[in-house]
There are 2 protein chains.
Amino acid sequence: MGRRKGPSLTREDVVQAALTLVRLEGADALGVARVARELGIRPPSLYNHVASGPELAVATSFAAQRLLVDDLTDAVRGVDDPRAQLETLCRAIRRWVHANEGLYALMARVEPQPDHPDAGATDRALLDLFLRPLGQLGVPVDRRVHAIRALRSAVHGFVLLESARQFQLAADSEVSFELLIDAVIRGLVNAG
Amino acid sequence: MGRRKGPSLTREDVVQAALTLVRLEGADALGVARVARELGIRPPSLYNHVASGPELAVATSFAAQRLLVDDLTDAVRGVDDPRAQLETLCRAIRRWVHANEGLYALMARVEPQPDHPDAGATDRALLDLFLRPLGQLGVPVDRRVHAIRALRSAVHGFVLLESARQFQLAADSEVSFELLIDAVIRGLVNAG
DNA sequence: TTAAAAAACTAATGCAAGTAGTTTCACGGC
DNA sequence: GCCGTGAAACTACTTGCATTAGTTTTTTAA
């Protein structure tokens, strides 16, 4: 029982299977044995493609992040007004998380890898998506980093609480979200 | 080798050990075997006090939440101005998370248990801590739920990103945080 | 054509969660 | 003071995951 005839699995296949698995069954379901079963191979064979369980999680998280950034890039294409761009970004993140709860939970759980080769590109792309409209809105350079952190925090916290079903009171989440991003954006533009 | 002489462990002891463990080694370290080792007993004996691993995590999370709420209650004691109360609450949450990163990560990871007997009291206490100053600030009743969600989201997102070391650029986090909560509070008070 | 690398496998170890059944101690009723 | 019941510990065991070592087969490149 050695290598099988025909095309064999790639690391891409493995990450793809992991993405699907996490999408369907949540971040807790991610594991070497589980992904191997999904691919129809034995667990040890997966180590031909990933170094370890944690590394599989990191790779899957990076892939998910790229999916998110691509989605956001599409979302703001064609939006001209900088403020509308910011709102569009926030809403697009929330929509993506609704459609990919497990993946976002995974991204939140995996420790960032500052030295990882895949880290730079998508991180920078995400940053730029927010930086451009902030600049156009006249936010001074030395406050843009703080502004991005504020916006990211607000959206991140909201979508996490929302998908963890921590908003138990009967009130429309849409309204809460619009109120939040409107408050933050207004506050950032007229900062004192 | 049956029961040992002298006083035996209680569920409180177990939760206490779990709290200490998570504080020192993070939420990932929490498990039946690990807590049992910490207490000097064999893993199966722990099931005399908790029903399962997940239930241990839930109990620990509830205990952590109570610690947080108690800390916040102390923090706002003696603060009169409602706006200052809100700011104090936000800063106290952040300070607590800095001192208890693992516990906060655990709370974020454990699914909420709407029917759990321990759930109501602390949830309500936390809610009330925010509700009172919002009322005093003149936020209309039908917007208070949204306002609380917005504030919680902002603080939650910020502290999670911060303790996950996702703020990689060299800029003072204190400034970012103050900017965020100021923007949100201002936005909530002058909501349109 | 052939040697090396890649990709699968089997076998086995170690550890965590959980179950079943056993032993020993503490405590309340007599 | 004695005794029975239940609580709290134990041992032994099963199952499942992560991981390592070593083997076989196929692909690929020299």
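This one's a predicted model, so the numbers in the text were calculated from it and none came from an experiment. Just so it is clear: chains get the letters A, B, ... in the order the sequence lines come, proteins before strands, and each one is counted from 1.
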Give me the first and last nucleotide of DNA chain D, going 5' to 3', that has any atom under 4.0 Å from a heavy atom of chain A.
D:dC17 to D:dT27
Taking only the side-chain nitrogens and oxygens of B:R37, find out if one of them lies under 4.0 Å from OP1 or OP2 of C:dA16.
yes
Which is more 5' along DNA chain C, the nucleotide nearest B:G6 or the one nearest A:G40? Just name the residue.
A:G40
Rounded to whole angstrom units, what separation is found between the CZ atom of A:R4 and the P atom of C:dA8?
9 Å
Looking only at side chains, do B:Q65 and B:D123 share a donor and an acceptor under 3.5 Å apart?
yes
Hey, are A:R83 and A:D182 close enough for a salt bridge, meaning a charged N less than 4.0 Å from a carboxylate O?
yes
How sharply is the helix from C:dT1-D:dA30 to C:dC30-D:dG1 bent, taking the axes over five pairs at either end and rounding to 10 degrees?
10°
Between C1' on C:dA7 and CG on A:N48, what's the gap in Å once rounded to a whole number?
5 Å
B:R132 and B:D128 ion-paired at < 4.0 Å
no
State plainly whether the residues B:R34 and B:D28 are in salt-bridge range, i.e. N to O under 4.0 Å.
no
Quick check with a 6.0 Å cut-off and a 45 degree axis cone: is B:R149 positioned over the face of A:F158's six-membered ring?
no
If we ignore angles and hydrogens, is there a donor and acceptor under 3.5 Å between the side chains of A:E162 and A:H98?
yes
A:H156-A:Y104 aromatic ring centre distance below 6.0 Å:
yes
Does either side chain, that of A:D13 or that of A:T10, offer a donor lying less than 3.5 Å from an acceptor on the other one?
yes
With sugar-phosphate meaning primed atoms plus P, OP1 and OP2, does A:S45 contact a base, only sugar-phosphate, or nothing at under 4.0 Å between heavy atoms?
base
Heavy atoms only, 4.0 Å cut-off, all strands: where does A:R11 land among base, sugar-phosphate and nothing?
nothing
Pull out every protein N or O sitting under 3.5 Å from an N or O of nucleotides 17-21 of chain C, one pair per line with the distance.
from: C:dA17; atom 1: OP1; to: B:V32; atom 2: N; distance (Å): 3.2
from: C:dA17; atom 1: OP2; to: B:V32; atom 2: N; distance (Å): 3.2
from: C:dA17; atom 1: OP2; to: B:A33; atom 2: N; distance (Å): 2.5
from: C:dG18; atom 1: OP2; to: B:Y47; atom 2: OH; distance (Å): 2.9
from: C:dG18; atom 1: OP2; to: B:G53; atom 2: N; distance (Å): 2.7
from: C:dG18; atom 1: O5'; to: B:Y47; atom 2: OH; distance (Å): 3.4

Are the charged groups of B:R66 and B:D70 less than 4.0 angstrom apart, N to O?
no
Joint hydrophobic cluster, A:L131 plus A:I181, side-chain heavy atoms closer than 4.5 Å
yes
Would you say B:S8's side chain and B:R4's backbone share a donor-acceptor pair under 3.5 angstrom?
no
Which is more 5' along DNA chain D, the nucleotide nearest A:K5 or the one nearest A:G2? Just name the residue.
A:G2
